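Step one of this worksheet: look at the structure below.
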There are 2 protein chains.
Amino acid sequence: MEQKKVRNMEQFAAVSGISRPTLSKYFNDPDSVRRSTRDRIEQALTQYDYRPNVYAVNQNRSKTKNIGVVVPNLADPFFSEIGREVELACLAAGYSPILLSSHGNPEQERANLEALRLLKPAGVLLAPFGRASDRADIEAFNKDVPVVLFDANIEGACEAFVGTNNFQSVDLIVEYLCRSGEPPCFFEMKSPSNPNANKRRQAYLESMQRHGHTPHIYQAEGEGWKFEEIGSIEGGRLMSKNALATNTVLCSNDRLAIGMLSAAYGLGIVVGHGEGGALRIAGHDDHPFSRYTCPSLTTIAQDYAAIANRAASTLFRILDAETRLSEREETLYEGKLVMRDSA
Amino acid sequence: MEQKKVRNMEQFAAVSGISRPTLSKYFNDPDSVRRSTRDRIEQALTQYDYRPNVYAVNQNRSKTKNIGVVVPNLADPFFSEIGREVELACLAAGYSPILLSSHGNPEQERANLEALRLLKPAGVLLAPFGRASDRADIEAFNKDVPVVLFDANIEGACEAFVGTNNFQSVDLIVEYLCRSGEPPCFFEMKSPSNPNANKRRQAYLESMQRHGHTPHIYQAEGEGWKFEEIGSIEGGRLMSKNALATNTVLCSNDRLAIGMLSAAYGLGIVVGHGEGGALRIAGHDDHPFSRYTCPSLTTIAQDYAAIANRAASTLFRILDAETRLSEREETLYEGKLVMRDSA
DNA sequence: ACCTAAGTTTTACGCGCGTTAAATACTCAG
DNA sequence: CTGAGTATTTAACGCGCGTAAAACTTAGGT
C-alpha cells in the first residue's frame with residue numbers, strides 16, 4: 001500500500017497533481033477544500049507515504065493544535081483514569097493532548113507549565129495542587145494560554161473549574177452512614193496536599209450539624225502522597241488506642257481508607273456493616289482498587305467521564321470563540337454512593 | 001528579574017552582543033563556547049526572557065533530542081513507576097522524554113509509534129505488549145529509530161532488552177514456598193497479555209521439577225487488563241470448589257493475587273503463613289498496593305530503578321556512538337523476595 | 001451559453017533557527 | 001611582543017510549511 005516516501009509537501013504536490021497551498025489547506029482542515037479535490041488528495045495519500053512535518057507546521061503558528069493536560073500524579077490511578085478521559089476528549093475534538101504528570105511535586109507543576117509554554121499549546125487542562133503559592137504562576141500562565149481547571153479548584157483563578165460537588169457527595173455518604181449505624185467520625189491528613197480535602201472536612205462538619213450529631217475529626221501527621229502508609233500508621237494508632245469516638249469512620253479519600261483497612265486487618269478488627277462488624281470504614285473517590293479491598297470499600301464515585309468531558313468542552317468553547325469567557329464558570333458534578341461491604 | 005521578552009535569537013543576539021551562530025552553538029551545547037562567552041550569554045539570559053523556539057530548532061534536524069517512552073498501560077502503577085524512572089534517566093542525560101501509554105491496547109502501541117515518528121525522536125524506550133503480530137511493526141520502527149526494549153522481551157528484536165530474570169525470581173519464591181510449607185500451585189491467565197507470564201509459567205514448571213514436586217497450573221479465563229477482577233472471579237471459583245491441589249498459590253502477578261485475596265476474604269478463607277492460615281497466596285512484582293492487602297502480600301520485587309536506568313543508558317550509548325550495537329544485548333536483573341504475611 | 005461565486009494555481013515572501021565559509025578577534029605559550 | 005591555534009563574527013543559504021495576492025478554473029444556476 002503505502003509505497004514511496006515523499007519528503008515534503010512540495011514533492012507531494014508534484015506527485016499528487018495538487019498545488020501546495022491547496023494541500024496546506026487540506027491538512028489544516030480537510031473540509032476546507034472541494035470534495036473532489038479532497039478525494040484526489042486522499043487517493044494520493046494511499047499511494048505515497050507523506051505526512052506534514054510537525055515542526056515546520058507549528059513553527060509559524062503562535063498557537064498550535066496541542067492541548068496540555070497536567071495532573072498532579074499519574075502514579076495515582078485516579079489521575080491516570082481521569083487523565084485518560086481528558087486525552088480522549090481532546091483527540092475526539094481534533095486536538096493533540098500532551099499529558100504531563102507533576103509527580104506529586106508542586107515544583108514540577110511549575111516546570112510542566114514552563115515546558116508547555118515552549119510547545120505553544122492552544123489551551124491547558126490543569127488539575128492543580130492548589131497551593132496558594134502556585135496561584136500567581138498559574139494565573140500568569142492563564143494570561144497567555146487559556147486554562148481550565150479540573151478536579152481541584154483554585155478559587156477565582158483561570159477560565160473555569162469542573163469538579164465534584166464535595167458538599168453533596170460527603171453529605172450523601174454521611175447521611176447514609178448516619179441512617180445505617182453510628183454517625184461517622186472523619187479521618188484525614190493534617191496538611192492535605194489537595195484542596196478537595198478541605199472542602200470535604202467542611203462538608204462533613206456541616207452535614208453532621210445538619211443531622212444533629214457531634215462531629216469528630218482525626219488528623220493524621222505526614223506529608224506527601226503515601227496516603228496508604230499514612231492511613232495505615234496513623235489509622236492503626238487510633239484504632240489500637242481505641243481512640244475513635246464512634247465505630248464508623250469516613251476517610252477523606254479511598255487511599256487513606258485502604259491504609260486504614262490494612263491496619264484494621266492487622267489488628268484483628270473486623271470491618272464491615274454486616275454481623276460481627278466492629279468498625280465501619282468508608283472512603284471517597286471510588287479508587288479502582290476499592291472494589292478489591294478486604295472488605296470491599298463503601299465509597300463515593302466521582303463522575304470521571306463527565307468531569308473530563310465538561311472540562312475539555314469548556315476549553316474547546318473558549319478556543320472556538322477565540323475569546324475568553326465573559327464570566328468564570330464553575331461546574332460541579334454529583335457523586336454517587338457506592339455501597340459495598342466496609343460500611 | 002526576567003524582564004523584556006525577546007522574540008527570537010536574532011533579537012537576543014542584538015541585545016546580548018553575541019552573534020547568532022555563537023548563540024546557536026551555546027543553546028545546543030553550552031560547553032562548546034568559551035567560558036567567558038558562556039558567562040556573558042548566561043548573564044544576558046537573566047536580563048532577557050528568551051528561549052529558543054522548539055519547533056524552529058527541530059525543523060531541520062533529522063534527529064531531535066527527544067526520546068519516546070512507551071509503556072503498555074500507565075493506569076497500572078507498575079508502569080507508571082518504571083515510566084517515571086525512565087523519564088528521570090532521560091532528563092538527567094539531557095534528553096526530553098515523551099511518555100506515552102498504550103492504554104492496554106496493542107493497536108494504540110502502533111499508533112504511539114506512528115505518532116513518535118513525526119516527532120523524530122533520537123531513540124525510543126519501549127515496554128512492548130509482545131504480541132507476535134506487533135513484531136514486524138516494531139522492527140520496522142527500529143530500523144529508523146533505535147529502540148531499546150524493557151520489561152517485556154521480544155526475542156531478537158530491537159537493539160537490546162532489559163528486564164527481570166523471571167527464572168531466577170520465580171525459582172526464588174518457589175524455593176521459599178516449598179521450604180516453608182506445601183509446594184505452590186500456579187495461578188495465571190489463560191491468554192496473558194504479557195510475555196513475562198509465559199516465562200513465569202515455564203520457570204514455575206522447571207523450578208517445581210528441580211525441587212521434586214508435581215506442578216499444578218490453573219489458568220483463568222478472561223482477557224484484557226482487569227487482572228484483579230479476573231483473579232477475584234476465577235480465583236474465587238477455584239477456592240469455593242476446593243479445586244486447588246495444594247494450600248499454596250503462586251500468582252503470575254500481584255494484581256491477580258490482589259483479586260484472589262479479595263475473593264478469599266469474601267469466602268471467609270483465612271490467608272497467611274501464620275497460625276490459622278488455611279491458604280497461602282504469593283504474587284510477583286511488588287505492586288505498590290501489595291503492602292496494604294489483607295494480609296499483606298508476599299511477592300517478588302523487581303528492581304525498577306536498575307531496569308529503567310540500564311535501559312536508558314543502553315540507549316544513550318547507542319546515540320552517543322551514532323551507530324547500532326554490534327550485537328543485541330540482554331540484561332536481566334534479579335528479583336528480590338519480599339516476605340510479608342500472605343505466604 | 002453566460003454569469004457569478006467559490007475553489008485552485010502560480011508566485012513569492014516570511015517564520016526562527018542550523019549551518020557553512022571566510023574574515024576577524026582573541027588567548028596563551030614562548 | 002609575536003605567532004599559532006582557537007573562538008567569534010559576518011554574510012548568506014536552506015529547511016518545510018503558512019499565507020497572501022493575483023490570475024485562472026470550475027461548479028451551478030439562469
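All of these numbers come straight from a predicted model, not from anything done at the bench. Computed from heavy atoms alone, side chains included, the values below leave out hydrogens, waters and symmetry copies. To find a chain, count down the sequence lines: A is the first, B the second, and so on, and within it residues start at 1.
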Parallel, tilted or perpendicular: rings of B/Tyr95 and B/Phe316 (30°, 60°):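 Because their plane-to-plane angle is under 30°, the rings of B/Phe316 and B/Tyr95 count as parallel.
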
Under 3.5 Å: donor-acceptor pair, side chain of B/Ser102, backbone of B/Gly104: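 Judged by distance alone, no pair lies under 3.5 Å.
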
Sugar-phosphate only, base, or nothing, as touched by A/Asn28 at under 4.0 Å among non-hydrogen atoms: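 Since only primed, P, OP1 and OP2 atoms lie under 4.0 Å of A/Asn28, the category is sugar-phosphate.
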
Sidechain N-carboxylate O distance under 4.0 Å for A/Arg84, A/Glu87: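 So A/Arg84 pairs with A/Glu87 through a salt bridge.
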
CA sep, side-chain torsions, deciding dist, call: B/Thr64, B/Asn58, side chain to side chain donor-acceptor pair (under 3.5 Å): CA-CA 6 Å; B/Thr64 66; B/Asn58 287 321; 4.9 Å; no

A/Tyr55 side-chain N/O to D/dG18 phosphate OP1/OP2 under 4.0 Å: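 A/Tyr55 to D/dG18 OP1/OP2: no side-chain N or O under 4.0 Å.
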
d(CZ, A/Phe27; P, D/dT19) in whole Å: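 Taking CZ of A/Phe27 and P of D/dT19, I get 15 Å after rounding.
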
Proximity to DNA chain C (any heavy atom under 4.0 Å), residues of residues 30-43 of chain B only: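 DNA chain C contact set from residues 30-43 of chain B: B/Arg34.
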
Residues within residues 18-25 of chain A bordering DNA chain C, heavy-atom distance below 4.0 Å: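 Those residues are A/Ile18, A/Ser19, A/Arg20, A/Pro21, A/Thr22.
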
Any residue meeting ring pair (Phe, Tyr, Trp, His ring centres under 6.0 Å) with B/Tyr26, in chain and number order, not counting sequence neighbours: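 Here no residue qualifies.
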
Report yes if the side chains of [X] and [Y] come closer than 4.5 Å at any heavy-atom pair, otherwise no.
X: B/Pro146; Y: B/Val124; result: no
X: A/Glu109; Y: A/Ile138; result: yes
X: B/Arg324; Y: B/Asn142; result: yes

Along DNA chain C, first and last positions that approach a heavy atom of chain B under 4.0 Å: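 Both ends considered, the range comes out as C/dG16 to C/dT27.
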
Contacts of type side chain to side chain donor-acceptor pair (under 3.5 Å), residue B/Asp31, not counting sequence neighbours: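 With neighbours one apart ignored, the set is B/Arg38.
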
Sequence neighbours excluded, every pair satisfying side chain to side chain donor-acceptor pair (under 3.5 Å) that has a member inside residues 9-21 of chain B: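 Applying side chain to side chain donor-acceptor pair (under 3.5 Å) to every pair that reaches into residues 9-21 of chain B, excluding sequence neighbours, yields B/Ser19-B/Thr22.
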
Closest-nucleotide ordering on DNA chain D, the 5'-leading residue of B/Gly17 and A/Arg61: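 Looking at the nearest nucleotide for each, B/Gly17 comes out on the 5' side.
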
